Structure formats: C-alpha cells, structure tokens
There are 2 protein chains.
Amino acid sequence: MVDTVGIVGLGLIGGSLARRLTERGVRVVAWNHRPHPYAQAEADGIFCKSTLSELMDAEPDVVVLCNPLKAMPAILAALAPLMGDHPNTTLTDVGSVKGMVRDQVKAAGLGKCYVGAHPMAGNELSGWQAADPHLYDGALWAITVDESTDYRRFLDVAAMITKDVGNRVIVVDDETHDKAAAMISHMPHVVSTALINELVANPDRNIAAALAAGCWRDMTRVSLTDPDRTRAMVEEDSLNVEALLRRMAARLTDMADQLHAGAAGEQDVMGFFAEGDPFRRYKAAVTHAGITAAQDGTATAAPQAGTTAAGFPERELVVPEAGWQQTLLFSARRGEAITGFVHPRQAIIQLRPAM
Amino acid sequence: MVDTVGIVGLGLIGGSLARRLTERGVRVVAWNHRPHPYAQAEADGIFCKSTLSELMDAEPDVVVLCNPLKAMPAILAALAPLMGDHPNTTLTDVGSVKGMVRDQVKAAGLGKCYVGAHPMAGNELSGWQAADPHLYDGALWAITVDESTDYRRFLDVAAMITKDVGNRVIVVDDETHDKAAAMISHMPHVVSTALINELVANPDRNIAAALAAGCWRDMTRVSLTDPDRTRAMVEEDSLNVEALLRRMAARLTDMADQLHAGAAGEQDVMGFFAEGDPFRRYKAAVTHAGITAAQDGTATAAPQAGTTAAGFPERELVVPEAGWQQTLLFSARRGEAITGFVHPRQAIIQLRPAM
C-alpha cells in the first residue's frame, strides 16, 4: 500500500510520473537538482523539497530515482545515509539499463531496499516543460528483481505501477531486461544511425534523399534524436549491443552472399523472408485484439469480467513464496503482463498473443 | 503536349494514375489483364479497352506501363508490333527498377520510343480497389534517360508528370536511379526484415516484444508488408542491394569493435554518431521550409512568384541541346527538382536543401 511517493528528478519521465500520480490521488514529494520547475510543480499539487533530506523526512513509501543515469552514483551516495533512518522506504528507479544501476545501488549499500523498474514510456523531448501525465497512457513497465529481492518491496513498486499509475508490469532479471532492451531499442538505434551514415557517404545522396519515402523516413527517425543521448544509451548496454550488432552483420552478409549466388541462393533468400513470420503473426494477433476491443466497446468502456480494457483476456496467477521471481519471469516469457493484485500472493495477469 | 494517355495495368499505381489524370482533364484509355475493374473505371471516366490493339487505336500520346514487372516481357512482346503503326507514341513505365526494364524494352525493339519513369508513390495496399488519385499528392518522379533518349519524348513524359499529374521530376540515368533506390528502400527493407528475424531467434522474444516501443515499431514496419513483394523488389536490384548490405555489415562490425574496445574506442563511437550530421541538418532544413510555408500560408495558397506551394524557391534552368541529360542529372544532384517548363528548352526548377 503506497500513500506517499518520492520522485528524484523532475525531467520528462520523473515530471510526467509526478503529475500522473498526483492526478490519481497519490501524495507526491519531489526533489530536483535545480529548483526551476518547482513553482509549476507546486501548482500541480506536487510537494517540492529543497534537499534529499527533506524529501526523506516526508516518509515516502517508495522513492523513484528519475535522475539521468550519469548522476546516479552521486545521488545514491547522498541518499545512502538518509535511507538508514527510513528502513521501510523502498528504492526504485526508471533507468533504461538495469544491471549497471543495481551494481551502483549495491555499491552504495542500498541493495536490500532496492527493486529495479523501467517504464516503456518516453518521446524525443526532455525536461519538465515536456512532462505530461498522458506519457504513461497504456504503458508497460519492466520490474527487475534478483534472488535477494524482498517480496514486500516488490509488491510496493508493483502496486504503485498497476494501481497508482494504472499501467501493466512484467517481472524479469536485470540481464534479461538489458538484453531485451538491446534487441528492440539500443541495437536498432545503431542500425538506424548506420543507415544515415551510409547515405551521407553516398555520392548521389541528394538524389537518394529526393527519392526517399515512407520506408526511409520510418527507419531513420530514431537516428535524428539527440545522438549524444543515443550514444550514452548504447554505451551503457555495450556488451549486449555489441553481440547483437555482430549477429546483424552476419545476417546482412549472409543475405549479400545469397543474392550474389543468384538462382543457387533463391531458396535461402526465400527462407530469409519467411523467417520473421512468427513476428508478423504476433503483430497481426495484437492488432486484431485491439480492433476487436474497439469494435465491441471494451477499449473505451470499463473492463469487463475476464476481459481487459485493451481487449485481452485475464486470469489470476498464484505467486509462490519460494521461487516467485521464476514464476513471474516464466509468465512474462509467455507474453503475459500483471495488471493488478487480488491479494499479495494472487496477481491478475493479462494474456496477450505470444511468439 | 499530351492529350491522351494510355495506361496498361489498373492496379494501385496504374489505377491511381488513371483516376488522377482523368480528374485533371486528360483523356485516359486503359487496358487491364482482367476486366474486373472496368465497370468502376468507366464510371470514373476512364475509357477501358479489351485489347492492347484497341488501346493503341485510341492514339495515345504516351503509354504508361503500370503492369507488374514480372509481366513486362510479355506485355512488351505484345506491344512491339502495335507500336510500329504509331511511331509518335512515347512509351514509359512506373517500374521500381529501371536498368532491367530498359534492357527488356530494348530487347523488344522499343528502345527508340522509350523514356523510363518511377513515381515515388505507393502504400502497403495493392489492386484497383485501393486506387486513389491522392496517392500522387506531392509526389516526386524519377525520369530515367540514356544518351539515345529523344528529347521530344522526354518532354512528353515530363509534361505529363508536371502539368497533367501535378508532380515534380528529377532526371537521372538508370544506374543512378537503381543505386539510389537500393540505398533508401531496397536495402533498408532487408535490414528491417533482418531485425524481425533476429527477434524471432531471440529466446526472450516475447519479453523483448512486450518492451518494444516506437523505435522498434518504426524500424520493422516495412518488414510486415508482403514479404514476397519485398523479395521480388530486392532480387530485381540484387547487385546494388548486395553491395550496400556488405557496406552496412562492415559499419555494424566496426561499431561492435569500437564498443568492444571500451574507452579506447570512445572517439570512434563519437565519430560514428556524428557522421550522419549532414543528413540531420538536411532534414531540419526541409522541415523548417515546410513549417515556414505553413506559417505564411504558401503551403495552402496558390504558388507565389519565386516560391512554390511547398515553400521552396524556384528559378529557371536552360536545357542545352547537347548534353541535356548531364545538365538535368547535375541539377538533381544539387537537390533540385523540375516543376514545369516555360518552353521546351527552359525548365522551372525547385531549389531544395541539399547535403
């Protein structure tokens, strides 16, 4: 049960979270490294504090670190002595890589009160001015745990996300999270950047750019966002990105070899284009569920028994005391997501299409 | 001067073109390999013919081949004897590769009356049912020429596109076109497909898919369109796609090596993310011109002297009798596009940002 949430950092992600929680009736206390957003934040009902010590004096049940990753070691060093006086406060964060943050949290001696988190929300903007509670509409969060994570603390964070933010949750270990994030975001950002580098190196770049249409626009969109932010993201997950880049390079080289082989490579080329069919079917199933929900009104109406607002069926999942991390990880691997709790050992699970 | 246009093939591209030309007051005669769209097409004012011979009897000034590329040799063989009786009719096409089509046209003995063309218009749909004159809104066409192209025939096709369709034109040779199309479409389609293949091969594919957001959605959109169509497109431009895939594989491997090197690779990683800056500046300039046009009303109002509807300035370009192909190719390389003609040797050129 979460009454008060502490937000450290009122940028795009932290500011949006603070505003959303406040709108939904949660008491929010906040600290930012510079007080410039405080007047507007106070007007929005957020209680702004001038020091981390004052933030902790407000007795938050959960403190969410929304500061930039590069500030994490300094923030953790400042928090460590304060957390000792508030042993029931749970620490979480919204960082886009989880293994590195846990290492830093442990190094600061705060491992026991920590549960990792990463909301799949964001856009190309940044800062308090861009903060918007709707940023979290329909979002899914990854919660990251390890074998030592305290279940009560996990529940605090999961309840905050599902009940207070109104989002869905999957539970994974740090490595699984960081590999998955490399797969669907960090590595593709590098690929997108490599595409525009290749265009710039092309002697007929202006002719190619003139001929460019939807394919090029979509595949290079993320290369246009702040390249320094992208570089930091890639470097923070560099081992996973490196491995995936080598696999992608091998796939592209194989395809080049098959095209080179002409008729002899025809079967392999057909195989290349068929290999992704499980993802195509998965996307069609997700889209179909969304369309069905829109047609029968469940997408906008209140959830009905057994069917969620998004048109996906739900069921209950018993969370065992021993090995709860594995139970929840296997659930995520089946494509399921947690939407709430009936009681602490009984989660509500949304069943979604899976590959 | 074009009075009558013949359209061969009433699919998405040909049907949309026929409807747009008819709407804009051009007489359109059409033939399709099956007559099922004829009732609706006739209702739209298109004169449908049951044979290619009847189509040619209508004395079209330009015949546009909008049939699938795989039907091209058969269509050209059927047209060849008919074109002999209509020596003034100019032949063009809308194929997405140009070198292969010109070879087929020459093999059919129709090289003298041919001018290549490729409209940058399309979507994920196909067939007459999807035909829509708005598909060509704001489109740019590549016209492909070689040293033997007749200037009068080029003018017929260019006038049809700029005056009758209301689009812009750049003039290139086949090789430049096919390399540019490989750069901004054919190769990126393979990269997009490789991304979903990599996801499907990932043991935690469902967790990765659950975490996927805008980056992944945009970069894999084209992998979801009919993989057989993509495969045909890639195979028809296989030499250029092969070369670009090898270059992309090298770029991804280099980046993997630099990430592997850690601090020693830091400067190279920074260089990788800076390399595409000319494209980022180009995109910003194009977007800025569009915003300026919207703000001062030129985007919706009639073009003003010296400024086009899209907010880009215009000037006139003299097209010499000797070496006109090179003059127009160099103009395209500078990022310019033809929007019309003052007289046959004086083109109106739109000046756009360039890299």
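In this text, all values refer to a predicted model and were calculated from it rather than measured experimentally. Within every chain, numbering begins at 1; the chains are lettered A, B, ... in the order of the sequence lines, protein sequences first and strands thereafter.
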The interface call for A:Val269 against chain B, heavy-atom contacts under 4.5 Å, is both
Assert top hit (heavy-atom pairs under 4.5 Å, partner chain B, pool A:Glu198, A:Lys283, A:Met183) equals A:Glu198
Quick one: are A:Leu259 and B:Leu245 in side-chain contact, heavy atoms under 4.5 Å? yes
Value for CG (A:Asn202) from CE (B:Met355), rounded to nearest 0.5 Å, stands at 9.0 Å
Does A:Asn206 reach the side chain of B:Arg352, with side-chain heavy atoms less than 4.5 Å apart? no
So does A:Arg246 pair up with B:Asp257, basic N to acidic O under 4.0 Å? yes
Bottom line for A:Ile170: the part with an atom under 4.5 Å from chain B's heavy atoms is side chain
Whatever's closer than 4.5 Å to a heavy atom in chain B on A:Phe272 counts as both
Cut-off 4.5 Å, heavy atoms of chain B, and the answer for A:Leu224 is both
Contacts of A:Asp228 meeting salt bridge (charged side-chain N to carboxylate O under 4.0 Å, His left out) (sequence neighbours excluded), chain-then-number -> A:Arg231
In this structure, CG of B:Leu211 is separated from NE2 of A:His177 (nearest 0.5 Å) by 5.5 Å
If you define the side chain from C-beta out and look only at heavy atoms, does anything of A:Trp216 sit under 4.5 Å from B:Ser185? no
Report task. Taking only Lys NZ, Arg NE, NH1 and NH2, and the carboxylate oxygens of Asp or Glu, determine whether B:Asp204 and A:Arg333 approach each other closer than 4.0 Å. Result -> yes
Closest non-hydrogen contact found for A:Ala180 with B:Ala208 is CB-CA, 3.8 Å
Looking at B:Ser223, is its backbone amide N or carbonyl O close enough to the side chain of A:Arg280 to form a donor-acceptor pair, meaning the two atoms are under 3.5 Å apart? yes
Ordered numerically, the heavy-atom neighbours of chain A under 4.5 Å found in residues 233-240 of chain B are B:Val234, B:Glu235, B:Ser238
Turns out that what part of B:Arg221 lies under 4.5 Å from chain A's heavy atoms comes down to side chain
> Quick one: are B:Val222 and A:Asp218 in side-chain contact, heavy atoms under 4.5 Å?
Replying inline: no
Any side-chain heavy atom of B:Leu195 sitting closer than 4.5 Å to one from A:Pro188? yes
A:Ala201 and B:Arg247 have their tightest heavy-atom pair at CB-NH2, 4.0 Å
- Any side-chain heavy atom of B:Val200 within less than 4.5 Å of one from A:Asp277? no
When the 4.5 angstrom heavy-atom criterion is applied to A:Ala209 and chain B, the contacting part is both
*Answer yes or no: is there a side-chain heavy-atom contact under 4.5 Å between B:Ile207 and A:Leu329?*
yes
> Are any side-chain N or O atoms of A:Asn197 and backbone N or O atoms of B:Gly276, one a donor and one an acceptor, separated by less than 3.5 Å?
Replying inline: yes
